[in-house]
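These numbers come from the heavy atoms of this one structure, side chains and all, not from hydrogens, waters or symmetry mates. Protein chains get the first letters and strands the later ones, always in sequence-line order, with residue 1 at the start of each.
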Number of protein chains: 2
Amino acid sequence: MARKRITLKDVAKSAGVSLASASYAINKTGSLSEDTRAHVLKVAEELGYRQNLAARAARTGRTGAIGFVVPDMTNPFFPSLAQSIVQRARQNGYSVFVTDTEGDQAQEEEVIRQLVDRGVDGIVWFPIKDENSIESIAGDLPIIVIDRTVNGFECIQADYAQGGQLAANYLLASGHDRIGVIAGPMDVRSMRERCGAAIEAINRASALAYSVENAFSTELSGDVASAIESRAATAVFCGSDLIAVGVMGHARKLGIAIPDELAVVGFDDIPWAEYCTPALTTIELPVDEMASEAVDALLRKLDGENESNRRVVFGVCLIERESAPPRK
Amino acid sequence: MARKRITLKDVAKSAGVSLASASYAINKTGSLSEDTRAHVLKVAEELGYRQNLAARAARTGRTGAIGFVVPDMTNPFFPSLAQSIVQRARQNGYSVFVTDTEGDQAQEEEVIRQLVDRGVDGIVWFPIKDENSIESIAGDLPIIVIDRTVNGFECIQADYAQGGQLAANYLLASGHDRIGVIAGPMDVRSMRERCGAAIEAINRASALAYSVENAFSTELSGDVASAIESRAATAVFCGSDLIAVGVMGHARKLGIAIPDELAVVGFDDIPWAEYCTPALTTIELPVDEMASEAVDALLRKLDGENESNRRVVFGVCLIERESAPPRK
DNA sequence: TCCCTTTCCCTAAACGTTTCATTTTGATTC
DNA sequence: GAATCAAAATGAAACGTTTAGGGAAAGGGA
């Protein structure tokens with residue numbers, strides 16, 4: 001059953017050429033006549049030859065694998081991000097090691113170190129925190145940062161500030177004049193940007209009812225809960241959809257009608273936003289594009305292009321659903 | 001900046017021993033005195049030596065990597081499954097290539113072939129279909145099947161029939177005597193099992209109102225929509241949570257109150273089930289345990305244990321939430 | 001005829017490991 | 001002091017590739 005693996009040597013012998021020629025033929029490198037190339041390829045095909053990528057990696061120092069490091073796979077961002085990254089990488093002949101760091105920075109370091117050991121050619125990294133220094137472990141390995149901001153690396157992001165503005169302006173235009181902001185953790189930069197922009201816009205209209213902070217979770221802190229109970233706002237902008245879901249749940253428990261008594265706008269457009277009751281109005285990020293760009297940027301870097309410290313920002317848009325209808 | 005990578009040769013030289021001894025020391029194999037072993041390890045540490053796993057793989061034929069093949073990453077199953085698999089693998093020194101086949105069997109073959117080329121030591125496979133034959137491409141590579149049933153491989157599953165029964169009995173015990181079943185695609189075995197068991201139990205109580213089929217999706221087919229509109233049932237069991245969400249949405253649109261006029265039970269306990277409105281009563285599968293067992297089984301196989309064609313079945317349980325309260 | 005290019009192919013070294021087979025070491029026994 | 005033996009250490013081959021450098025054959029110009 002387990003017949004021996006066909007090696008390049010077998011192909012070469014069977015085709016009556018040298019090992020080198022066989023290699024050139026397979027890799028379409030070197031100078032070979034069309035005839036021999038075709039002949040070798042045909043023989044390889046017949047024999048069912050498959051490259052041994054481990055050996056190749058040993059020789060070339062390039063594994064054709066990249067790493068994807070993510071703080072938490074259950075982050076609703078993750079699936080579509082991962083899907084796009086894996087697909088895009090595969091189209092270019094790369095495979096992807098996916099690793100979860102459980103939101104723990106020690107594990108994050110460890111994971112990256114392991115990837116380096118494995119000899120990945122590069123990493124797409126969704127860091128836990130914005131500030132970070134992993135040069136010591138990653139050396140000069142090409143790394144692309146996604147969603148967060150880390151100095152010294154190319155960063156792929158969405159225009160969070162634009163998102164906050166969009167949401168705020170939308171609520172203002174709908175006639176709300178008492179608007180609350182329920183932010184996520186303000187130590188992550190993208191959160192500061194989205195909520196900062198929202199608060200600024202709302203403030204300019206003198207419509208800010210309150211501004212509180214919550215974890216990236218549907219569980220609400222006491223502050224947030226009492227802000228809602230106060231009914232000081234007729235609309236809220238939430239720093240993430242998860243929070244928005246929590247807010248809607250709590251409001252329902254209090255008998256506050258959504259959207260009539262409280263309009264809710266989220267951020268991220270996670271897959272379930274569409275299926276909440278009421279369906280969540282939210283800011284959509286072009287996750288697929290971001291993922292593809294991350295891979296593309298990484299591959300470019302692998303090909304030696306040096307455009308370090310670039311920061312690519314993708315535009316976002318507002319998805320109107322039921323939790324915050326267009327006109328009040 | 002990019003100082004040369006430290007190789008085992010450097011360590012050996014610096015420690016004043018042969019390459020072989022260095023290797024033995026690092027791998028804790030061979031016969032070495034405790035003294036030299038410790039000394040080599042110390043030197044390696046000082047120099048910051050890191051094994052080149054690609055080279056090692058070339059020599060040993062084992063890469064320390066496994067593949068995880070999944071039909072669709074946006075399947076709500078996926079994140080927790082992936083998380084557990086990746087974690088468990090990492091604890092045992094393995095890294096995981098994650099790949100999405102986009103529900104396409106041609107791609108599935110292609111993906112598996114690529115993994116084989118990469119020299120993965122084994123694969124955890126969530127197949128698209130139950131019947132399947134990939135021996136030709138996978139050869140004698142250790143493979144564990146998860147969730148589906150494929151002959152010739154060890155399969156890790158949940159007790160779907162038990163789940164169907166639980167749901168049916170729960171609804172019957174709650175006093176329902178006209179119960180509908182909205183199945184998912186019946187060409188997947190686990191769906192046949194869960195719905196078959198449910199229908200049987202309901203039939204025994206002569207309470208079956210209707211039984212229709214839908215895709216794995218929140219979009220409802222015409223059949224399903226009209227079944228709901230007919231109001232022939234006071235409760236439905238849905239073959240998957242996604243379908244249940246779709247049903248609840250449609251019912252709401254028709255003004256059918258949930259759970260009062262229509263109780264709904266789902267299957268899978270996807271992450272959002274808890275946050276639906278009303279929160280979805282559903283069957284929970286022990287996803288983490290299944291994932292861990294899959295990895296463990298694979299690792300056992302890699303260690304030469306031969307318990308092929310085993311079928312491991314995990315028990316499930318019913319989670320009571322609001323969409324189908326305990327007593328009517 | 002001689003020499004120079006070009007085209008094609010080959011030999012052999014290298015990548016960083018592991019591991020087999022062998023040699024060295026040093027203690028123990030006669 | 002020689003012989004024996006296990007333990008410890010080593011030399012070198014192997015894994016399946018890639019690739020630099022060289023050389024033979026073929027063609028062309030003088």
Please state how far atom [atom1] in [X] lies from atom [atom2] in [N], giving the value in whole angstrom units.
X       : N      : atom1 : atom2 : answer
B:Arg37 : D:dA9  : CZ    : P     : 9 Å
A:Ile6  : D:dC15 : CD1   : P     : 15 Å
A:Tyr49 : D:dG16 : OH    : P     : 10 Å
B:Leu8  : D:dA14 : CG    : C1'   : 16 Å
A:Leu19 : C:dA14 : CG    : P     : 16 Å
B:Lys13 : C:dG16 : NZ    : C1'   : 14 Å

Counting heavy atoms from C-beta on, name the nucleotide in [options] closest to the side chain of [X].
X       : options                : answer
A:Gln51 : C:dC9, C:dT19, D:dT18  : D:dT18
A:Arg59 : C:dC9, D:dT17, D:dC15  : D:dT17
A:Ala20 : C:dC15, C:dG16, D:dA20 : D:dA20
B:Ala55 : C:dT11, D:dT18, C:dG16 : C:dG16

Which class fits the ring pair A:Phe126 and A:Phe77: parallel under 30°, tilted 30 to 60°, perpendicular over 60°?
perpendicular
Under 4.0 Å between a side-chain nitrogen and a carboxylate oxygen: does that hold for B:Arg300 and B:Glu293?
yes
Give a yes or no on whether a salt bridge exists between B:Glu154 and B:Lys301, defined as a side-chain N under 4.0 angstrom from a carboxylate O.
yes
Give one of base, sugar-phosphate or nothing for [X], where a contact means two heavy atoms less than 4.0 Å apart.
X       : value
B:Leu53 : nothing
A:Ser33 : sugar-phosphate
B:Thr7  : sugar-phosphate
A:Thr36 : sugar-phosphate
A:Arg50 : sugar-phosphate

Step by step, would you call A:Asp35 with A:Ser33 a side-chain hydrogen bond (donor to acceptor under 3.5 Å, both in side chains)?
CA-CA 5 Å; A:Asp35 282 358; A:Ser33 73; 5.3 Å; no
Does D:dT18 have OP1 or OP2 sitting under 4.0 Å from an N or O in the side chain of A:Thr60?
no
Would you say B:Ser18 reaches D:dT10's phosphate, i.e. side-chain N/O to OP1/OP2 under 4.0 Å?
yes
DNA chain C: B:Tyr24 or B:Asn52, which has the more 5' nearest nucleotide?
B:Asn52
Take B:Ala58 and B:Glu34, find for each the nucleotide of DNA chain D with the closest heavy atom, and name the residue whose nucleotide sits nearer the 5' end.
B:Glu34
Is there a donor N/O on one and an acceptor N/O on the other, under 3.5 Å, for the side chain of A:Arg56 and the base of D:dT17?
no
Quick check: A:Phe68 with A:Phe97 (ring centres under 6.0 Å apart)?
no
